[in-house]
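Before any comments, here is the structure.
Start at 1 with the first residue, then count along the sequence. Start at 1 and go down the list; that is how both ligands and their atoms are numbered. The figures that follow rest on heavy atoms only: side chains count, while hydrogens, waters and symmetry mates do not.
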Amino acid sequence: MRALRFVSSNPGKFREVREILGAYGVEVTWERRELPEPQADTLAEVVFSKLAALPRGSGPYLVEDSGLFLDALGGFPGVYSAYAYRTVGLEGILRLLRGRPRGAVFRTVAGVGAGPEQWTVTGATRGTIATRPRGSNGFGYDPIFVPKGLEHTFGELPASEKNRLSHRARAVRRVGRRLAGAAPLEKQM
Ligand code: IMP
């Protein structure tokens with residue numbers, strides 16, 4: 001079995017990633033810590049700087065960064081989603097969208113670092129922003145994000161359903177497919 005160390009402070013992300021990669025025969029262990037996030041314009045820049053902050057000689061590592069991009073606000077909060085969540089929160093986002101189109105896309109960039117090799121994959125899920133928070137499953141913006149084609153928010157859906165449809169699931173399945181078809185990752189970093 002291949003193994004990856006998922007570095008994140010978010011237990012919800014870890015549960016999702018472990019479940020998805022298990023199906024590809026990849027065992028995910030959790031290194032619970034916050035990595036420095038530079039002020040950057042793209043999720044990919046954040047992911048590469050997270051990979052660069054990891055110690056050499058251990059790994060291979062999996063890191064990711066995600067954001068909610070609102071159509072009516074030119075993609076804001078996007079790469080600043082954690083800041084927006086901490087400051088204005090779900091109610092602030094709902095206020096900003098009052099009277100505006102409610103389309104949105106959730107994006108994830110996932111990165112794998114093993115020795116000199118580093119690569120990233122992306123995943124995205126389109127949807128709309130609900131008019132009020134609904135459901136208590138998941139984390140972050142889950143109670144206000146309704147994936148396209150469904151009526152329930154991620155917060156109302158079982159974890160298995162979020163993992164079928166989510167931005168993170170799409171990126172992480174790409175990681176799984178790539179690892180399943182690849183030679184063993186180097187243990188050195
Ligand atoms: P980060 O990837 O941890 O930087 O996430 C940015 C912000 O988006 C944080 O406030 C997260 O809680 C939120 N977020 C990331 N992924 C998800 C998700 O799958 N559902 C809901 N919120 C998310």
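- Atom 16 (N) of ligand 1 has as its closest protein heavy atom Arg168 NH2, 2.6 Å.
- Those atoms of ligand 1 with a heavy atom of Phe139 less than 4.0 angstrom away are 12 (O), 14 (N), 15 (C), 16 (N), 17 (C), 18 (C), 19 (O), 20 (N), 21 (C), 22 (N), 23 (C).
- Within a 6.0 Å sphere centred on CD of Glu161, other residues, nucleotides and ligands contribute more than 12 heavy atoms.
- Using a 4.0 Å heavy-atom cutoff, Phe154 is absent from the residues neighbouring ligand 1.
- Atom 12 (O) of ligand 1 has its closest protein heavy atom at Gly140 CA, 3.5 Å.
- Set against the non-hydrogen atoms of His167, the atoms of ligand 1 under 4.0 Å away are 16 (N), 17 (C), 18 (C), 19 (O).
- Protein heavy atom closest to atom 6 (C) of ligand 1, with residue, atom name and distance, is Ser66 O, 3.4 Å.
- Counting only distance, with no hydrogens or angles, the side chain of Arg170 and the backbone of Ala124 share a donor-acceptor pair below 3.5 Å.
- A salt bridge between Glu16 and Lys13 is absent, with no side-chain N of the basic residue lying under 4.0 Å from a carboxylate O of the acidic one.
- Between Arg2 and Glu27, none of the side-chain N atoms (NZ, or NE/NH1/NH2) sits under 4.0 Å from a carboxylate O, so this pair counts as no salt bridge.
- Protein heavy atom at the shortest distance from atom 3 (O) of ligand 1 is Lys13 NZ, 2.7 Å.
- Residues in residues 140-155 take part in these salt bridge (Lys or Arg N to Asp or Glu O under 4.0 Å) pairs, two or more places apart or across chains: Asp142-Lys162.
- Nearest protein neighbour of atom 22 (N) of ligand 1, counting heavy atoms only, is Tyr141 N, 2.9 Å.
- The protein heavy-atom contact nearest to atom 9 (C) of ligand 1 is Ala82 CA, 3.8 Å.
- Checking Phe139, Tyr141, Phe145 one by one against Phe154, the ring pair (Phe, Tyr, Trp, His ring centres under 6.0 Å) holds for a single residue, Phe145.
- The closest protein non-hydrogen atom to atom 4 (O) of ligand 1 is Asp65 OD1, 3.1 Å.
- Interface atoms of ligand 1 facing Lys162, defined by a heavy-atom separation under 4.0 Å, are 18 (C), 19 (O), 20 (N).
- Counting protein heavy atoms only, atom 20 (N) of ligand 1 is closest to Asp142 OD1, 2.6 Å.
- Taking every heavy atom of Glu37 and a limit of under 4.0 angstrom, the matching atoms of ligand 1 come to 4 (O).
- Arg5 places no side-chain N or O within donor-acceptor distance of the main-chain N or O of Pro60, the cut-off being under 3.5 Å.
- Cation-pi geometry between Arg32 and Phe14 is not satisfied (NZ or CZ under 6.0 Å from the ring centre, within 45° of the ring normal).
- Taking the ring axis of Trp119 as reference, the NZ or CZ atom of Arg178 stays within 45° of it and closer than 6.0 Å to the ring centre.
- Residue-ligand proximity: Phe106 is placed with a non-hydrogen atom under 4.0 Å from ligand 1.
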